[in-house]
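Here the structure is laid out as structure tokens; the discussion comes afterwards.
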Amino acid sequence: MSRTIAELLFGGKEEQETDYDQVYPPRALKAGALVSRFGPSPTGFLHIGGVFAALISQRLAQQTEGCFYLRIEDTDKRREVEGGVSSLIQALTHYGIHFDEGPIGLSKEIGRYGPYIQSQRAHIYRAMVRKLMEEGKAYPCFVSEEEIQEIRKSQEAKKVQTGYYGEWAVHRDLSFSEVADYLKEGRPYVIRLKANPLKPKLVFHDLIRGEVELPTNYQDIVLLKSGGLPTYHLAHVVDDHWMRTTHVIRGDEWLSSIPVHIQLFEYFGWTPPCYAHISPIMKEEGNSKRKLSKRKDPEAAVQYYQEKGVPEKSVIEYLLTLANSNYEQWRNEHAGANNKAFNVELHRMNSSGALFDLKKLMNISKDVIAGMKAEEVYQEAVAWAKTYDPPLAELLTEKKEYGLKIISIGRSGEKPRKDISQWSEIREIYGYFFDELFQKPDVKQDYPKNISAEDIAAITQKYIARFKDNEKNYSNEEWFEEIKEIAREIGFAPEMKLFKANKTLYRGHVGDISMVLRIAITGRGNTPDLYEVIQVLGHSKVRSRLKI
Ligand code: GLU
């Protein structure tokens, strides 16, 4: 009987399971190699948690010389955004997350386990559902949404479990002619699983959480929706089986669906993959923790980091600290090493949700940028500015050599300068090198309060007089001797020690002179070494800025 219903619904014979076994044979990989995947919906929004999950999956495949593929889960057409797939691939590629297989070629897919876009796999889902139906494990259900609500009300009144199951599943055993009549009437239908659980509980091993006990599934869940598209449950099981996934690493919102998934694998007669359910990234709010939210937290979106110009390397570096707590120690012991050499381990992942700390990310980013060569900093900053700050890009590229000199200050040597965490800070931190961006400080407001306007005028004038010669090259020591002279001339101590020993004798010290000059020349109280800044700016620009 069920065979004829299947024929009624699906027409003539479709491909049989044995065919798929030949189309998608077990992968020829070395022992222990892991096959993992990333399965985003093309909504156009990439959550930082998505990058996190993709990173973990990719690293595990890479570490074992396995395969990491991209599968587009586009069965919810309402959420789809045009260009969503390509922007997603582009963003992940920036983060160094590359796929071995998937819809990643310019015009075609790469890999032999496709199609990798779920909406193109309808024939496979239908064939698999048909198989279940022929074995009496699935059936068409014509019950309308209103009728489902009625069932629910009766269940609530009787204080029994709500849902579509057992004796409440009124279309479980429709006859061939009933189905034929409904079809003739043009009634919409879904295909449901006929759940007949044998045991009340399921004990399952999660690679992050260890042993988890869950109630077995008894609901006749939907497999194919009324438009013929699969539910997540069916698509997950069918795709991960035929794509020969060994490890499903996904968000823990799917943990409660595990009984459905395991049951489906069982009904199909397939071995389930290993599962690891990742807890969401959390955020501290007051004294409590909540999920990092797309709606409330701008830093949840990958776009946030792109707009601010936080290097992808920094984000990945930070995400690795969230993934495995031993990562930081590894980093300390392997400064400068490629983080791909670190072995990510699922059992070391936090099962209660890692806490997202933007300050820490930015601090890590300062280290990452400090570790880059000047040329790399320059290239990345320009690439960012071209999109997000074109006037700055123009200034930096107009005079490349000058731009490079600016970036190079304090960047070589044992302790490179740690000042920028994101490219958007360059305008503020280094903008004064360009007359177009320089903001003249205000004598009344921007200088230290203990230094009078007369002293400021005297210091700047004396500097101009001493450094008249554009051609003369001063060494750092020679330059500093001149600064000390200026201090002496206006009654400031030429050495800090002297000042400390006899505060009543001096109105200030040599450090005050540098500070006044620094502010007058750059408009900032905090800059790299002033001598080096002046070297880059050149004497004539410095003199013109000192004319107060
Ligand atoms: N499309 C699913 C999601 O975004 C994928 C889950 C999975 O990896 O199986 O949640």
Side-chain angles (χ1 to χ4, degrees), residues 34 36-38 40 45-64 68 70 87-100 104 249-251 276 278-283 292 297-346 348-350 353-373 376-377 379-381 383-384 418 420-424:
L34 211 134
S36 62
R37 82 295 190 267
F38 184 49
F45 180 87
L46 184 56
H47 193 287
I48 192 76
V51 178
F52 186 57
L55 173 70
I56 309 284
S57 294
Q58 182 217 22
R59 289 295 164 99
L60 291 168
Q62 209 168 48
Q63 284 164 201
T64 54
F68 174 57
L70 175 67
S87 69
L88 190 114
I89 296 175
Q90 210 178 27
L92 290 168
T93 308
H94 274 304
Y95 283 90
I97 297 172
H98 302 280
F99 299 95
D100 300 309
I104 47 175
I249 297 154
R250 62 184 179 186
I278 303 182
S279 304
I281 295 179
M282 306 297 279
K283 174 161 176 150
L292 190 66
D297 311 309
E299 71 271 29
V302 161
Q303 209 175 350
Y304 172 89
Y305 304 92
Q306 287 168 346
E307 280 167 14
K308 301 247 172 214
V310 181
E312 287 78 15
K313 263 192 200 166
S314 309
V315 175
I316 295 294
E317 192 71 14
Y318 177 64
L319 291 180
L320 286 169
T321 69
L322 290 188
N324 280 181
S325 58
N326 57 329
Y327 180 72
E328 285 180 70
Q329 194 189 338
W330 179 89
R331 176 45 85 208
N332 288 337
E333 290 163 6
H334 301 82
N338 187 325
N339 58 35
K340 288 204 170 102
F342 175 78
N343 216 37
V344 171
E345 290 172 289
L346 284 174
R348 287 186 192 271
M349 288 191 69
N350 188 337
L355 209 54
F356 194 78
D357 180 350
L358 193 58
K359 266 204 200 118
K360 184 163 172 188
L361 194 166
M362 293 308 178
N363 228 346
I364 286 182
S365 189
K366 280 188 181 172
D367 281 329
V368 168
I369 295 178
M372 290 181 181
K373 298 240 173 347
E376 193 185 347
V377 171
Q379 295 298 354
E380 285 217 22
W384 170 85
K418 240 182 95 171
I420 348 173
S421 62
Q422 44 192 288
W423 309 128
S424 51

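Just so we're clear, the structure is a prediction, and the values are computed from it rather than from any experiment.
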*How would you list, by chain and number, every residue that makes a side chain to side chain contact (heavy atoms under 4.5 Å, CB included) with Lys418, sequence neighbours excluded?*
Asn363, Lys366, Asp367, Ala370

*Out of curiosity, Met282 CE to Leu322 CG, how far, rounded to the nearest 0.5 Å?*
12.5 Å

_Give me the atom names and distance for the closest heavy-atom approach of Glu345 to Asn324._
N-OD1, 2.8 Å

_Within the structure provided, determine whether Phe38 and Leu92 are in side-chain contact (heavy-atom separation under 4.5 Å)._
yes

*Identify the two heavy atoms, one from Ser421 and one from Met362, that lie closest to each other, and give their separation to 0.1 Å.*
CB-O, 3.3 Å

_When you compare the side chains of Tyr327 and Glu317, does any donor N or O come within less than 3.5 Å of an acceptor on the partner?_
yes

*Gap between atom CD1 of Ile56 and atom CG of Leu346 - 0.5 Å precision*: 7.5 Å

_Just verifying a value: how many Å separate Thr321 OG1 and Asn339 CG, rounded to the nearest 0.5 Å?_
11.0 Å

*asked:* A side-chain contact here means heavy atoms from C-beta on lying under 4.5 Å apart; do Trp384 and Gln306 qualify?
replied: no

*Side chain to side chain, Ile316 and Arg59, heavy atoms closer than 4.5 Å*: yes

*NZ/Lys340 to CD/Gln58 distance, rounded to the nearest 0.5 angstrom?*
6.0 Å

*asked:* I'd like to know if the side chain of Gln63 and the backbone of Val344 have a donor-acceptor N/O pair within less than 3.5 Å.
replied: yes

*With no hydrogens and no angle check, is any side-chain donor or acceptor of Asp357 less than 3.5 Å from a backbone partner on Lys360?*
yes

_Side chains of Tyr95 and Leu55 in contact at under 4.5 Å (non-hydrogen atoms)_ = no

*Where is the tightest heavy-atom contact between Ile281 and Gly49, given as atom of each residue plus distance?*
CD1-CA, 4.0 Å

*State, to 0.1 Å, how close Ile369 and Ile420 come at their nearest heavy-atom pair, and which atoms those are.*
CD1-O, 3.5 Å

_How close do Leu70 and Ile104 get, counting heavy atoms only, and between which atoms?_
CD2-CG2, 4.2 Å

*Does any donor atom in the side chain of Ser36 or Ser57 lie under 3.5 Å from an acceptor atom in the other side chain?*
no

*Can you find a heavy atom in the side chain of Ile48 that is under 4.5 Å from one in the side chain of Tyr318?*
no

*Working to the nearest 0.5 Å, report the span between NZ of Lys283 and CZ of Phe356.*
8.5 Å

*Give the ring-plane orientation class for Trp330 versus His334, where under 30° counts as parallel, over 60° as perpendicular and anything between as tilted.*
parallel

_Could you check whether any side-chain N or O of Asp297 sits under 3.5 Å from a backbone N or O of Glu299, counting only pairs where one atom can act as donor and the other as acceptor?_
no

*asked:* Would you say CD of Glu333 has more than 12 non-hydrogen atoms from neighbouring residues, nucleotides or ligands within 6.0 angstrom?
replied: yes

*Keeping the roles fixed (side chain from Gln422, backbone from Ser365), state whether a donor-acceptor pair exists under 3.5 Å.*
no

*With side-chain contact (heavy atoms from CB on, under 4.5 Å) as the test, would you mind laying out the steps for Phe68 and Leu34 before giving the verdict?*
CA-CA 8 Å; Phe68 174 57; Leu34 211 134; over 6 Å; no

*asked:* What I want to find out is whether Glu376 reaches Lys313 closely enough, with some N-O distance under 4.0 Å, to be called a salt bridge.
replied: yes

*Ser314 to Ile364 - nearest heavy-atom pair and separation*: O-CG2, 4.2 Å

